[in-house]
Amino acid sequence: MVQQQEVNQDFEGPVSCAGCGVEIQTENKAKPGYAPASALKREVVICQRCFRIKHYNEVAPVEMHDDDFLRILNGIGSTKCLVVMVVDLFDFQGSWLRGLPRFVGQNPILLVGNKVDLLPRNINLNRVKNWIQHEAKERGLKPNEVVLVSAEKGIGIDELLARIGEFRKGRDVYIVGVTNVGKSTLINRILHDYGAADMEITTSPFPGTTLDKIEIPLEDGRSIFDTPGIINRDQIGHLVSPEDLRKLTPKSRINPRVFQLNDKQTLFFGGLARVDYVRGERQPFACYLANDLYIHRTKLDNAEEVLEKHHGEMLAPPSGEAAKALLPFTRYTLKIDTNGPTDIVIAGLGWIALQGKVKGVVEVHVPKGVSVGLRKGLI
Ligand SMILES: Nc1nc2c(ncn2[C@@H]2O[C@H](COP(=O)(O)OP(=O)(O)OP(=O)(O)O)[C@@H](O)[C@H]2O)c(=O)[nH]1
Ligand SMILES: [Mg+2]
């Protein structure tokens, strides 16, 4: 499907970085796209920032503006193409690309749930697909199909390619989604599976890696485009430091940690969230978070004192001064009255699954800007 291309650039016109799509310049080291003049002689040109991310795992934030993303998304509505929208299954709420229906025009949409490798092994994937269809509909999007994949582990890629083939009908393909959902990793996976592994787009654990459209030519003269992710301000990754983001991002399959809670008990998720079970019967709270994120249980009456004494130390991440910057927390009161599985979602951090009939009140305290809500149970 992917054309083995000559990556050598045309030196007459502007050259784009093969890693992040930004236009290469050789003048200003401090500006995006800088590469030493000697780098232009290489067959594949990458900017200094991509070089550092690739070779030194460096964090290299760049100030991006929503206008840049909107310009690219606007272009999609006016071309005939297949839109592949990627969401992060671990952070469905925080990774939803809002307003997509406005941009796609008449084009078909394939919705890809990525990072399926993080969900528990015994999960019913058909149920997850139906759940995504339901959530998409609630948000005003009617995808032609939902596919679950793991770009990193190579799960579901054959099915994805079959669906892309089915729906694109000789058109270009645009991979879109908010930042950090794994768009570039997905394209690298496709390239790898098609023996074009020498082309590699830059990926990183931090938001804002891809800076402009990157075109990958297909055999039929059409292309797949990687695009920069738009920033959802309520993604937790924008509020914490890169080191803390590493700690709260799950790296392997999540093992839910289950706490039998009585009312007037509290759970702290590191120093990032506090969950008070204010009122209700004794319940299991199944916590789906990064496996090594510390969970501390205490009495609700002691919670304030525990936070004051231990925030940034025992209750970490975040650590030290960075912890203070997240206070005071914003409090959300959730009145729960359900008969079926329900999740309390803390965007970017994870969720708490409640089973069966639950009637009660839960208060969630999080740093300002992190969104909290209830949803139909995913699992
Ligand atoms: N667990 C898991 N992590 C993944 C998967 N796919 C991508 N990631 C990780 O998600 C992070 C972001 O990946 P990228 O491919 O750079 O994301 P992106 O959507 O291109 O991000 P931007 O370029 O910033 O818009 C990286 O740390 C990846 O390793 C997956 O299938 N499973
Ligand atoms: Mg990218």
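Given the structure is predicted, the values throughout are model-derived calculations rather than measurements. Along the sequence shown, residues carry numbers from 1. Whatever order the structure lists them in is the order used to number ligands and atoms, beginning at 1.
I24 and I53 fall into different hydrophobic clusters, defined by Ile, Leu, Val, Met, Phe, Trp and Tyr side-chain heavy atoms under 4.5 Å apart, directly or through other members.
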Begin from the C-alpha positions of E243 and R246 and carry the test salt bridge (Lys or Arg N to Asp or Glu O under 4.0 Å) through to its verdict. CA-CA 5 Å; E243 300 86 85; R246 265 188 222 278; over 6 Å; no
Between V364 and I344, does a side-chain contact (heavy atoms from CB on, under 4.5 Å) hold up when you go through it step by step? CA-CA 9 Å; V364 182; I344 299 169; 4.0 Å; yes
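Between the side chains of D172 and S223, no donor-acceptor pair of N or O atoms lies under 3.5 Å. There is a side-chain donor-acceptor pair under 3.5 Å between T209 and S204.
In the vicinity of D117, heavy-atom distances shorter than 4.0 Å reach the ligand 1 atoms 1 (N), 2 (C), 30 (C), 31 (O), 32 (N). Counting the atoms of ligand 1 from 1 in the order shown, those under 4.0 Å from a heavy atom of G208 are 24 (O). Counting the atoms of ligand 1 from 1 in the order shown, those under 4.0 Å from a heavy atom of G229 are 25 (O).
Nearest to atom 15 (O) of ligand 1 by heavy atom, out of T202, D88, T185, is T185.
Residue R71 places its CZ atom among more than 12 non-hydrogen atoms of other residues, nucleotides or ligands, all under 6.0 Å distant.
For atom 24 (O) of ligand 1, the closest non-hydrogen atom on the protein side is T179 OG1, 2.7 Å. Scanning the protein heavy atoms around atom 3 (N) of ligand 1, the nearest turns out to be E152 OE2, 3.5 Å. In terms of protein heavy-atom proximity, atom 25 (O) of ligand 1 is nearest to K183 NZ, 2.7 Å. For atom 17 (O) of ligand 1, the closest non-hydrogen atom on the protein side is G182 N, 3.1 Å. The protein non-hydrogen atom at the shortest distance from atom 31 (O) of ligand 1 is A151 N, 2.9 Å. Closest to atom 27 (O) of ligand 1, if we only count protein heavy atoms, is P205 CA, 3.2 Å.
Contacts between L118 and ligand 1 below 4.0 angstrom, taking non-hydrogen atoms only, involve the side chain exclusively. Contact annotation: for V181 versus ligand 1, heavy atoms closer than 4.0 Å belong to both the backbone and the side chain. Only the side chain of N114 comes within contact range of ligand 1, with a heavy atom under 4.0 Å; no backbone atom does.
If you look at Y174 and F225, their ring centroids are closer than 6.0 Å.
Residues G270 and L293 share a closest heavy-atom pair of N-CG, 4.4 Å.
With respect to the salt-bridge test (charged N to carboxylate O, under 4.0 angstrom), the residues E159 and R163 qualify. Salt-bridge annotation for E304 and R274: present, with a side-chain N of the basic residue lying under 4.0 Å from a carboxylate O of the acidic one. Note on D226 versus K183: no salt bridge recorded, every NZ/NE/NH1/NH2 to OD/OE distance being 4.0 Å or above.
Inclusion of T209 in the set of residues having an N or O under 3.5 Å from an N or O of ligand 1 is warranted. Any N or O atom pair closer than 3.5 Å counts here, and P228 shares no such pair with ligand 1. Every N/O-N/O distance between P250 and ligand 1 stays at or above 3.5 Å. For a threshold of 3.5 Å applied to N or O pairs, the pair formed by S150 and ligand 1 contains at least one separation below that value.
Using a 4.5 Å cut-off on side-chain heavy atoms (C-beta onward), N180 and D88 make no contact.
Taking 2.8 Å as the threshold, T179 does not count as a candidate ligand of the Mg ion (ligand 2), since none of its N, O or S atoms lies below it. Distance check for T185 against the Mg ion (ligand 2): none of its N/O/S atoms falls below 2.8 Å.
Remark: distances from the non-hydrogen atoms of S204 to ligand 1 include one below 4.0 Å.
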